Colleague: 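Submitted below is the structure of interest, expressed as structure tokens.
Note that these values count all heavy atoms, side chains included, but never hydrogens, waters or copies made by symmetry. Just so we're on the same page: letters track the sequence lines, and every chain starts at 1. Quick caveat, the model's predicted, so the values are computed rather than measured.
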Protein chains: 2
Amino acid sequence: MTGTKDRILAAGAELFRHGGYAGTGMKQIVEKAGAPFGSVYHFFPGGKEQLGEEVVRTSGMQYAQLFEVFIAPSPDLITGIETFFAGAVTTLLDTDYVEGCPIATVALEAATTNEPLRRATADVFEAWTKAGTKGFSAFGLPEEHARTLTLALVTSLEGAFVLCRSMRTTEPMAVAGAAVVDVARRLLAELGDDGKRRPEDS
Amino acid sequence: MTGTKDRILAAGAELFRHGGYAGTGMKQIVEKAGAPFGSVYHFFPGGKEQLGEEVVRTSGMQYAQLFEVFIAPSPDLITGIETFFAGAVTTLLDTDYVEGCPIATVALEAATTNEPLRRATADVFEAWTKAGTKGFSAFGLPEEHARTLTLALVTSLEGAFVLCRSMRTTEPMAVAGAAVVDVARRLLAELGDDGKRRPEDS
DNA sequence: GTCTATAGACGGATAGAC
DNA sequence: GTCTATCCGTCTATAGAC
């Protein structure tokens with residue numbers, strides 16, 4: 001059985017993702033969560049800001065798993081990237097361009113207007129970068145290169161979500177995936193590597 | 001002498017860029033523009049939605065010129081891209097990570113909540129894509145490749161703005177620029193071209 | 001036609017009943 | 001400790017004075 005706090009966090013995550021932080025009301029959130037209004041201040045005494053922060057951290061950290069799900073099981077680094085972006089395309093089409101990044105909207109809103117909230121989004125992006133760096137290192141990339149490749153992946157993905165959801169096409173996402181593959185090929189070429197997983201890292 | 005409507009549009013552009021569409025009030029806008037409150041409904045009878053739409057279109061179209069300014073005068077395509085992203089890094093540092101894309105925040109907010117506003121952002125992105133495609137075509141790239149390269153540039157740029165402004169580092173922007181260069185190199189290699197401007201196109 | 005004062009709705013937050 | 005009724009500020013939008 002899911003607790004009330006979890007339901008509020010889940011409702012907040014969905015509403016913030018769609019309508020943004022400023023565009024979403026507390027009453028909207030508790031209504032969607034099926035909770036009485038007062039309970040939100042019981043679980044989040046810091047009010048909307050605390051709720052926003054916790055929503056960003058929890059929903060953001062859940063998405064870090066996507067690196068494990070899509071890239072880690074792949075036979076080589078390139079197909080891992082291609083699978084990852086194919087998944088993003090599927091998500092866009094299946095949800096009619098509703099589901100994108102869970103925190104990008106809030107990140108842009110908060111960047112210069114709400115320091116604690118900005119910090120939360122930054123922590124999530126840093127966690128994603130760490131997770132991706134670890135995942136790509138398993139394919140034999142030195143840590144610095146693995147970090148570069150992860151940043152290329154996340155930036156391309158985020159930007160593609162912006163364009164795809166605005167223009168309602170998956171074309172930018174396909175281009176973005178191909179761009180990250182180009183980066184991976186360049187980094188592998190610098191090493192003289194083939195991108196296959198190394199036995200000692202399995 | 002700048003008219004009142006232009007001042008309102010300029011103030012709206014700056015405030016929407018920082019605080020987003022939902023997070024910015026009409027009173028804030030007219031105050032910053034130094035205009036009386038009623039004048040906003042005189043110039044924008046459609047209210048906030050019409051104002052948002054016109055802000056997105058005017059400020060978005062102004063940014064299309066950046067392709068001409070940074071990329072067109074370059075001796076070759078690769079240095080054009082590098083100059084473009086170096087400019088983005090300078091902007092981030094000079095403005096302490098305040099200035100990013102003028103419409104990305106609104107694009108994400110409006111994607112699933114405000115159809116006319118989403119449309120305006122989509123039209124701007126399409127205009128940028130057209131401008132970039134034309135610009136890259138001048139370097140001898142076939143139109144389809146030039147469009148692909150432009151989409152790679154815009155997606156990488158947008159995503160890098162999200163991460164840079166959230167994390168307060170320019171690292172993602174540097175990685176994004178290098179990624180777009182990788183895409184350009186791949187497209188040029190497919191053509192056996194050197195990326196220099198063609199005499200007949202100058 | 002420019003501007004002010006206000007309406008009407010909704011925002012976040014809280015006090016207090018149970 | 002759970003929930004409801006309400007407060008006060010701010011929002012968009014408008015009516016009407018000048």
Colleague: Leu51(A) has an atom CG; how far is it from atom P of dG11(C), in whole Å?
Modeller: 15 Å
Colleague: Does a side chain donor of either Asp94(B) or Thr91(B) reach within less than 3.5 Å of an acceptor in the other side chain?
Modeller: no
Colleague: Over how many whole Å does the gap from Met26(B) atom CE to dA7(C) atom P extend?
Modeller: 20 Å
Colleague: Gln28(B) has an atom CD; how far is it from atom C1' of dT10(D), in whole Å?
Modeller: 11 Å
Colleague: Can you confirm if the NZ or CZ of Lys48(A) lies within 45° of the ring axis of Tyr21(A) and under 6.0 Å from the centre of its six-membered ring?
Modeller: yes
Colleague: Looking for any heavy atom pair under 4.0 Å, which part of the strands does Gly38(A) touch: base, sugar-phosphate only, or nothing?
Modeller: base
Colleague: Atom NZ of Lys5(A) and atom P of dG1(D): how far apart are they, to the nearest Å?
Modeller: 15 Å
Colleague: Would you state whether a donor and an acceptor, one from the side chain of Lys27(A) and one from the base of dG12(C), lie under 3.5 Å apart?
Modeller: yes
Colleague: Please report the distance, rounded to the nearest Å, between NZ in Lys48(A) and P in dT10(D).
Modeller: 15 Å
Colleague: With a 4.0 Å limit, can you tell me whether His42(B) has a side-chain N or O closer than that to the phosphate oxygens OP1/OP2 of dC3(C)?
Modeller: no
Colleague: What is the ring orientation for Phe136(A) with Phe139(A), classed by angle as parallel under 30°, tilted 30 to 60°, or perpendicular over 60°?
Modeller: tilted
Colleague: Between Arg165(A) and Glu99(A), does at least one N-O distance fall below 4.0 Å, as a salt bridge requires?
Modeller: no
Colleague: Measure the distance from CZ on Phe37(A) to C1' on dA5(D) and round it to the nearest whole Å.
Modeller: 11 Å
Colleague: Tell me the interatomic distance from Tyr21(B), atom OH, to dC11(D), atom P, rounded to whole angstroms.
Modeller: 14 Å
Colleague: Provide, to the nearest angstrom, the distance between the CD atom belonging to Glu31(A) and the C1' atom belonging to dG12(C).
Modeller: 16 Å
Colleague: So does Tyr41(B) get a side-chain nitrogen or oxygen closer than 4.0 Å to the phosphate oxygens (OP1/OP2) of dT14(D)?
Modeller: no
